[in-house]
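Working notes for the structure below.
Below, read A as the first sequence line, B as the second, and so on, with proteins coming before strands; counting in each chain starts at 1. Remember, it's a predicted structure, so these values are computed and weren't measured experimentally.
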Protein chains: 2
Amino acid sequence: MSSLLARSPKLSSVVAGEIRASIIADGLQPGDNLPIEKEMIESFGVSRATIREALKELEVQGLIRMKTGPTGGPIVAGSGSQEALQAIQNFCYFEKVTIDDVYELRTLLEVRLVRSVVGHIDEESFARLQELADLSAVPARNEDARRRQREAEFEFHTAIAGCSPNRLLTMMIEVLAAILVHATARESSRHRMHSEWSCENARYHSDILDALRREDEEAAAALMEEHMAQAHGHLQLMYGQVSLEDIALGTNRGA
Amino acid sequence: MSSLLARSPKLSSVVAGEIRASIIADGLQPGDNLPIEKEMIESFGVSRATIREALKELEVQGLIRMKTGPTGGPIVAGSGSQEALQAIQNFCYFEKVTIDDVYELRTLLEVRLVRSVVGHIDEESFARLQELADLSAVPARNEDARRRQREAEFEFHTAIAGCSPNRLLTMMIEVLAAILVHATARESSRHRMHSEWSCENARYHSDILDALRREDEEAAAALMEEHMAQAHGHLQLMYGQVSLEDIALGTNRGA
DNA sequence: GCGTATTTGTACGTATGTATG
DNA sequence: TCATACATACGTACAAATACG
């Protein structure tokens, strides 16, 4: 082998790279089938364990997913935003990313987003947004209702993000929001402060929605900026200047 | 939401989740050792294949890396920015993210970055930035020199990003820049336009560096915004409004 | 609804490469 | 140099899930 390549890469990674290249070269789209393991064993001339490790690598990267049974096998997966989220969450753990860091980015992106979607929201999306805003408006009694409310607050932002044609922006905002939700999931239901904060969130969401309906870009942007600042302040009070590291990273699959 | 969980109860993923949780629960840091495969087989009560798939998952996610030989085994890996890049690149492939999409985000982040690092750059970093700016200033003769120049242009931005205390911002900027470099790597050296563009980049880099030295935040921000707009324009002219993967594959018009 | 075939998921055994001391 | 400990790779077998008759 070439001495230029200092270390010997794992055979499974080499195979994974070839499979990945073939996916792109063939222009395969989500849902398309790849050769089954048995065929790959022959075509690559390696053992099944190696093929499976290669496929596992691509699966974790969000490129494919496995399907059992007849007509099954590896198939090209769509988007892979979940996998990106997982990787970024891992990054945040090691780099000791703080709540401040996340909000610096999130504020920037959310304000930009809300500006870019003004005038580009259809009625169906408006209805969904209204529904989500209303959901978080009513005060939550028990812990389960509070959890659903928290999900609705999260989804309000991802629903707006979904209105942008810039999928990268959409994904980044979803990831940042998911990181915060996940980081605070354990403690949030215990904090008495949360119910009060939730009320404030609901008001902001409702106001932002109104501004979007009026197609008032400046108002929507200003409200979003204020909303982010308030949320940031609340989390700072709750958790202080701590990194997200001590927060459990979620398992991406399974129950 | 249901897509988040509800799916494959693959044993290996469950085990991976438990290992991940234990890493975080124990507060393990990069370099720390995890139990070796044999011990995990006992403690989890599963086969070697399952443990290996679980470890492979964590390895691909950038959480651990494997080390052979005595005193080897799975050890906690640092950062994982490469893995995040890979996941985001995969995302861009499926979602047909365009150059416009990337630059919308990149402009936002780079301008924010350059503002936030004003007055926080030490002499060593300034020296490095000057070196990189000079490197791309001289016109490149052959293709290899042009490639190095391109790398220097890329590194100029990542070097600035490295001056920010916000590691998430640093990583995002690195990822966006890497995506653009990767997408245009094949064609860039062939375009006659590139040498002219490179010259312009060098000028911007030099000017931005000057503004940073003067600690003139407004000038630095304005220059960076202009720099991004120019770069965006050049890439648009070269490739038009096509998705990134089409560029990487050379399936765009304009041979 | 049921059985069967197909394909992945899990398991066990074994051999080889590789790094440590 | 050699022995040891670990990951890497291969082969086989069976279980579980799913599509199809």
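- dT8(C) atom C1' lies 14 Å from atom CG of Leu11(B), rounded to whole Å.
- Ile64(B) places its CD1 atom 12 Å from the C1' atom of dA7(D), with the value rounded to the nearest Å.
- The side-chain hydrogen bond (donor to acceptor under 3.5 Å, both in side chains) test applied to Glu83(B) returns no partner, not counting sequence neighbours.
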N/O donor-acceptor pairs under 3.5 Å from side chains in residues 159-175 of chain B, not counting sequence neighbours:
unit_1    : atom_1 : unit_2    : atom_2 : d
Ser164(B) : OG     : Asn166(B) : N      : 3.0
Asn166(B) : OD1    : Leu168(B) : N      : 3.1
Asn166(B) : OD1    : Leu169(B) : N      : 3.2
Asn166(B) : ND2    : Asp101(A) : O      : 3.1
Asn166(B) : ND2    : Glu104(A) : OE1    : 2.7
Thr170(B) : OG1    : Ala161(B) : O      : 2.9
Thr170(B) : OG1    : Asn166(B) : O      : 3.1

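- Contact check of residues 37-55 of chain B against DNA chain C (heavy atom, cut-off under 4.0 Å) returns Val46(B), Ser47(B), Ala49(B), Thr50(B).
- The side-chain hydrogen bond (donor to acceptor under 3.5 Å, both in side chains) test applied to Arg65(B) returns no partner, not counting sequence neighbours.
- The aromatic rings of Phe156(A) and His205(A) lie parallel to each other, with less than 30° between the two planes, well short of the 60° mark.
- Qualifying ring pair (Phe, Tyr, Trp, His ring centres under 6.0 Å) partners for Phe44(A), counting only residues two or more places apart in sequence or in other chains: none.
- Rounded to whole Å, atom P of dA9(D) lies 17 Å from atom NZ of Lys56(A).
- Distance Met66(A) CE to dT6(C) P: 18 Å, rounded to the nearest Å.
- Applying the side-chain hydrogen bond (donor to acceptor under 3.5 Å, both in side chains) test to every pair with at least one member in residues 18-30 of chain A, sequence neighbours left out, gives these pairs: Arg20(A)-Gln61(A), Gln29(A)-Lys96(B).
- Under the ring pair (Phe, Tyr, Trp, His ring centres under 6.0 Å) criterion, Phe91(B) pairs with no residue at all, not counting sequence neighbours.
- Taking the side-chain hydrogen bond (donor to acceptor under 3.5 Å, both in side chains) definition, one finds that Glu153(B) meets it with Ser198(B), Asn201(B), sequence neighbours left out.
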List the protein contact pattern of nucleotides 16-21 of chain D with one symbol per nucleotide (5' to 3'): B for base contact, S for sugar-phosphate-only contact, - for none; contact means a heavy-atom distance under 4.0 Å. -BBB--
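- In this structure, Ile36(B) atom CD1 and dT8(D) atom P are separated by 13 Å, rounded to whole Å.
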